[in-house]
Amino acid sequence: RGFTAVWSRLGVKVTLVEAAAVFNKYGQDKDLKMPYKVFIDGLLVGKSRLLAMAGDVRQGAFLDPREAAFLGKIVYRPCRKGVYPPTNWDPALAARSAEIPERGLQLEFVYGYEGKENLAKNIFYVNEAEVVYYAAAVGVVYNKNTHTQRHFVQHDDDIRCLTLDPSKRLVATGQVGKYPKVLVWQVYDLQCVQTLVFPAVRGVIAVAFSPDGKKLLTCGSDDRHTLFVWDWRKKTKLCEMPGQNGTPPQVYGLVWNPHGVDQFISYGINHLKTWDRQNNGTYTPTAGVFGKAGTHVVMSAVFLPSGVVVSGMPTGELCMWKGSKCLRTMRAHAKGPQVIRTDGAIACSGVRCLCLRDDFKVMLSAGADGTVIAWDITSGDIREQSQILGTVALKSAYANTTAPLIRSLDCYRDSNVFVAGTHRCDIWEVDETPEVLIYGHSADLYGLAVNPVKTTQFATTSDGDRVFLWDSQKRHMLRTANLGGYKGRSIAFSPDAKHLAIGTSSGGISVMDGATLQFLKWCKSFESSVPDLKYSPDGQYLAAASSDLFVDVFIVKENYTKIARCKGHTSTVSHLDWSSNSKTIMSNCNAYELLYWEASTGRQVKANQRDTDWDTYTCVIGFPVMGIWPEGSDGTDVNALDRSRDREHIVTVDDLGLVKLFNYPCVMKEPGQRHYRGHCSHVMNVKFSYDDKRVISVGGKDRVVLQWKVVSNENQIIGVVKPPYAWQSHDNNAWENPRAMAA
């Protein structure tokens with residue numbers, strides 16, 4: 001009663017219930033009195049704090065908008081710290097949280113190409129202007145003339161292989177999964193026309209159409225590398241046979257004989273098999289005899305019109321086969337640098353690509369030396385004295401780096417123009433003026449930042465020791481810089497965009513010029529990685545989170561001198577945000593602790609920050625984002641989130657490969673949402689552009705950047721992008737009206 005009386009004299013009404021809650025919360029001695037120090041540290045707060053303590057503790061996010069008037073403490077999984085609504089909380093916002101967002105996302109552009117784990121050819125010309133390939137879980141049709149893309153996004157897991165049918169109208173893409181599938185889809189309108197579901201073979205790692213386009217040959221990722229031949233239009237499995245025993249991947253590719261024989265070859269680790277059709281409709285294999293060539297990994301293969309098979313060797317040599325016997329080998333390319341194969345072995349790539357031009361008069365070979373050779377095959381064979389029609393050596397697109405390893409190759413009909421995919425996940429087109437069409441990342445991708453001044457620009461960094469600056473409007477890389485061998489894990493622009501800070505996996509921070517990417521400063525503050533860093537809104541400070549369990553604060557104007565270290569987390573600090581007044585830092589860690597810090601001293605702020613205004617919101621826990629966690633989540637599902645600058649929406653990325661859009665705040669147990677596929681599993685970062693017109697997401701191990709356009713028109717949200725052209729006739733190479741064809 002004495003406690004309430006003192007507050008009454010100060011003009012603050014405190015009830016006995018509130019007083020009891022305070023004493024129980026902050027402690028009392030054996031005489032039921034509260035020490036002065038405890039009073040000073042814990043109780044010099046507003047009445048709203050006392051009211052929250054007096055109420056019951058709520059378990060979990062709101063189930064019904066009518067419950068949202070609750071102002072007390074809320075405990076929910078996975079957050080280990082109770083959270084509170086702000087004192088001016090409007091319960092009507094909970095009702096909006098339950099609604100599906102009025103806006104949506106439309107995939108606008110994919111930066112990158114699968115050039116690391118592809119086992120066989122995965123890029124094809126569709127016509128003179130367009131090529132088709134895949135990246136992550138997206139089939140991409142890219143138009144080089146307009147520098148635009150159309151996207152097939154009906155896969156729900158990683159794409160592992162792709163092929164184009166002889167008419168160039170249909171694409172087949174195979175994916176991984178417990179029960180994997182192959183989707184056959186039309187190039188011109190991206191409509192899926194057939195879905196082939198497989199038994200438990202883990203994934204489909206190779207696929208090929210027969211020369212007449214009626215049959216589809218596939219290879220599973222099981223230990224038997226099961227081959228299936230399908231009548232794909234009827235969804236009928238014609239035959240099934242073991243392709244090669246061993247830990248996958250043993251089979252790299254499948255090639256049909258296009259010269260009038262019902263026959264195909266499979267090739268890969270230490271084998272090349274020729275499969276001939278029998279009278280009962282099955283195919284029987286004949287194992288290739290390597291002879292003097294010695295048993296080796298077959299990197300690529302192609303049928304010549306004469307029936308001779310040419311294969312590529314890791315040494316850079318070509319191997320000629322007749323029937324099942326190796327006739328001879330000949331030097332063609334350098335073996336290239338050693339790389340880690342998909343099966344974990346360290347070896348050279350050698351001749352990774354072989355393809356025939358449509359006239360069957362020219363064969364192209366390419367590989368780890370970055371060189372493409374055009375061979376005259378009119379004689380029906382290739383020998384040392386065979387005429388070389390031309391040689392093109394690709395130069396690296398990046399300064400002071402070696403030539404790219406070519407991983408896939410296709411040539412345009414009756415021309416010397418070809419397109420190549422490289423191990424750096426770039427796509428080149430080579431004609432009179434070779435150029436990179438699509439740039440990508442060659443290592444696990446984590447870091448993402450958006451430019452606060454030039455709102456169309458964003459920056460990325462990855463384990464590939466490079467920093468990239470991109471323009472979302474031009475859909476092109478502006479410039480790139482080397483990190484000196486360090487692996488980038490996080491990245492942030494200063495508020496004026498003059499500085500760009502990059503946190504590395506080794507615990508260092510590199511500061512570059514935000515426009516030119518010139519090196520400015522190196523700080524070594526931690527012993528392990530820097531998962532997140534952000535500049536304060538006033539630009540005076542840089543805060544860096546670490547796997548060392550600390551948050552360090554640097555003062556920018558004093559050459560990034562460290563002024564404070566925040567200690568208190570029990571696990572890797574994964575996300576942090578600044579208050580709008582640049583005085584307080586909020587951080588969360590992998591143990592799902594939500595802590596607050598005084599930026600200038602590093603002292604932990606134990607008072608609840610329910611009324612603090614946060615300049616950004618990227619922490620994955622807290623009251624305004626407690627609804628993002630799905631039922632049954634173990635706390636590791638959501639990897640990153642970002643709040644739009646207008647504070648209307650939040651976007652999240654997760655371990656299921658999904659990009660999700662919610663209304664902000666998101667406080668309902670079952671919030672309204674829109675979700676989008678495109679990435680493989682474990683999407684690692686996401687940001688709204690500063691003008692909220694776009695969303696950028698990056699996928700860790702898929703190494704892909706997806707650029708999404710924020711749209712409000714319902715047709716744009718759910719509709720299909722209209723194709724820029726009709727079907728191309730295979731017979732007369734003329735453009736045709738698809739409606740007339742359908743009629």
Side-chain angles (χ1 to χ4, degrees), residues 109-116 118-135 138-152 159 161-166 168-169 171 173 187 208 253 255 299-300 302 312 333 349 351-359 362-375 389-397 403-440 442 475-477 704 724-725 728:
F109 206 79
V110 177
Y111 301 86
Y113 149 82
E114 181 50 81
K116 298 292 286 187
N118 66 310
L119 300 171
K121 181 176 179 178
N122 64 350
I123 186 168
F124 296 84
Y125 274 105
V126 175
N127 52 56
E128 185 178 5
E130 291 187 314
V131 294
V132 61
Y133 57 96
Y134 69 88
V138 183
V140 181
V141 182
Y142 171 74
N143 188 306
K144 65 175 185 178
N145 293 340
T146 60
H147 190 52
T148 56
Q149 298 174 344
R150 295 180 293 116
H151 307 105
F152 180 77
I159 298 176
C161 54
L162 176 147
T163 191
L164 185 68
D165 88 318
K168 300 186 183 299
R169 297 176 179 177
V171 178
T173 41
V187 174
V255 181
M299 306 300 297
S300 53
V302 68
H333 294 266
S349 295
V351 183
R352 190 63 177 76
C353 311
L354 293 170
C355 74
L356 295 184
R357 203 167 67 182
D358 285 357
D359 58 9
V362 177
M363 183 191 80
L364 298 185
S365 65
D369 59 358
T371 300
V372 179
I373 301 176
W375 303 85
L389 302 177
T391 300
V392 176
L394 298 186
K395 296 181 180 180
S396 176
L405 283 63
I406 299 176
R407 300 279 294 180
S408 187
L409 185 71
D410 195 36
C411 50
Y412 183 62
R413 182 182 62 248
D414 302 332
S415 77
N416 295 321
V417 178
F418 64 86
V419 64
T422 77
H423 80 298
R424 294 194 177 104
C425 302
D426 302 330
I427 296 177
W428 288 69
E429 185 175 63
V430 178
D431 47 19
E432 293 81 4
T433 56
E435 64 175 332
V436 177
L437 301 177
I438 301 291
Y439 285 92
S442 59
R475 303 179 298 281
H476 200 71
M477 185 192 73
V704 165
Y725 61 90
Q728 182 181 15

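What you are looking at is a predicted structure, and each value in this text was computed from that prediction instead of being measured.
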**Item:** Check: Val351 main-chain N/O paired with Ser300 side-chain donor or acceptor under 3.5 Å
**Value:** yes
**Item:** Donor-acceptor pair, side chain of His333 and main chain of Asp369, under 3.5 angstrom
**Value:** no
**Prompt:** What are the two closest heavy atoms between Gly112 and Ala135, and how far apart are they?
**Reply:** O-CB, 3.8 Å
**Request:** Provide the closest heavy-atom pair for Asn118 versus Arg407 in the form atom of the first, atom of the second, distance.
**Result:** O-NH2, 2.7 Å
**Request:** Flag the pair Arg424 / Tyr439 as yes when at least one side-chain heavy-atom distance between them is below 4.5 Å, and no otherwise.
**Result:** no
**Asked** Which value, rounded to the nearest 0.5 Å, describes the distance between Leu405 atom CG and His423 atom NE2?
**Response** 4.5 Å
**Asked** Got a sec, which residues hit side chain to side chain donor-acceptor pair (under 3.5 Å) with Arg352, two or more places apart in sequence or on another chain?
**Response** none
**Message:** Ile159: which residues meet the side-chain contact (heavy atoms from CB on, under 4.5 Å) condition with it, sequence neighbours left out?
**Reply:** Tyr134, His155, Thr173
**Asked** Could you walk me through whether Val417 and Tyr125 pass the side-chain contact (heavy atoms from CB on, under 4.5 Å) check?
**Response** CA-CA 10 Å; Val417 178; Tyr125 274 105; 3.4 Å; yes
**Message:** Val187 vs Val132, test: side-chain contact (heavy atoms from CB on, under 4.5 Å). Steps then yes/no.
**Reply:** CA-CA 8 Å; Val187 174; Val132 61; 5.6 Å; no
**Request:** Please name all residues satisfying salt bridge (Lys or Arg N to Asp or Glu O under 4.0 Å) with Asp410, sequence neighbours left out, ordered by chain then number.
**Result:** Lys121
**Message:** Once side-chain contact (heavy atoms from CB on, under 4.5 Å) is applied, do any residues pair with Thr391, and if so which ones, sequence neighbours excluded?
**Reply:** Thr371, Ile373, Ile388
**Asked** Is there a side-chain contact between Ile406 and Leu394 (heavy atoms, below 4.5 Å)?
**Response** yes
**Lys144: salt bridge (Lys or Arg N to Asp or Glu O under 4.0 Å) partners, not counting sequence neighbours** = Glu429
**Prompt:** Do Lys116 and Cys425 pass the side-chain contact (heavy atoms from CB on, under 4.5 Å) test, and can you show the C-alpha distance, the side-chain angles, and the key distance before you say yes or no?
**Reply:** CA-CA 7 Å; Lys116 298 292 286 187; Cys425 302; 3.6 Å; yes
**Request:** List the steps, then state whether side-chain contact (heavy atoms from CB on, under 4.5 Å) holds for Tyr133 with Ile438.
**Result:** CA-CA 11 Å; Tyr133 57 96; Ile438 301 291; 3.6 Å; yes
**Request:** Answer yes or no: are there more than 12 heavy-atom neighbours, outside Glu128 itself, under 6.0 Å from its atom CD?
**Result:** no
**Complete:** Taking every heavy atom of Val302 against every heavy atom of Leu354, the minimum-distance pair comes out as CG1-CB, 4.1 Å
**For Arg357, salt bridge (Lys or Arg N to Asp or Glu O under 4.0 Å) partners two or more places apart** = Asp359
**Asked** Mind checking whether Leu162 and Phe124 have side chains closer than 4.5 Å, heavy atoms only?
**Response** yes
**Minimal non-hydrogen separation, Thr146 against Arg475, with atom names** = O-NH2, 3.6 Å
**Prompt:** Can you tell me how far CG of Asn416 sits from SG of Cys411, rounded to the nearest 0.5 angstrom?
**Reply:** 9.0 Å
**Message:** Is the shortest side-chain heavy-atom distance between Glu130 and Arg150 below 4.5 Å?
**Reply:** yes
**Asked** Does the side chain of Thr422 come under 3.5 Å of the side chain of Trp428 through a donor N or O and an acceptor N or O?
**Response** no
**Message:** Is any side-chain heavy atom of Val362 closer than 4.5 Å to one of Leu389?
**Reply:** yes
**Message:** Quick check: closest heavy atoms across Ala397 and Val436, and the distance to 0.1 Å?
**Reply:** CB-CG2, 3.9 Å
**Item:** Backbone N/O of Asn122 and side chain of Ser408: donor-acceptor pair under 3.5 Å
**Value:** yes
**Asked** Given side chains that start at C-beta, do those of His147 and Phe109 come closer than 4.5 Å, heavy atoms only?
**Response** yes
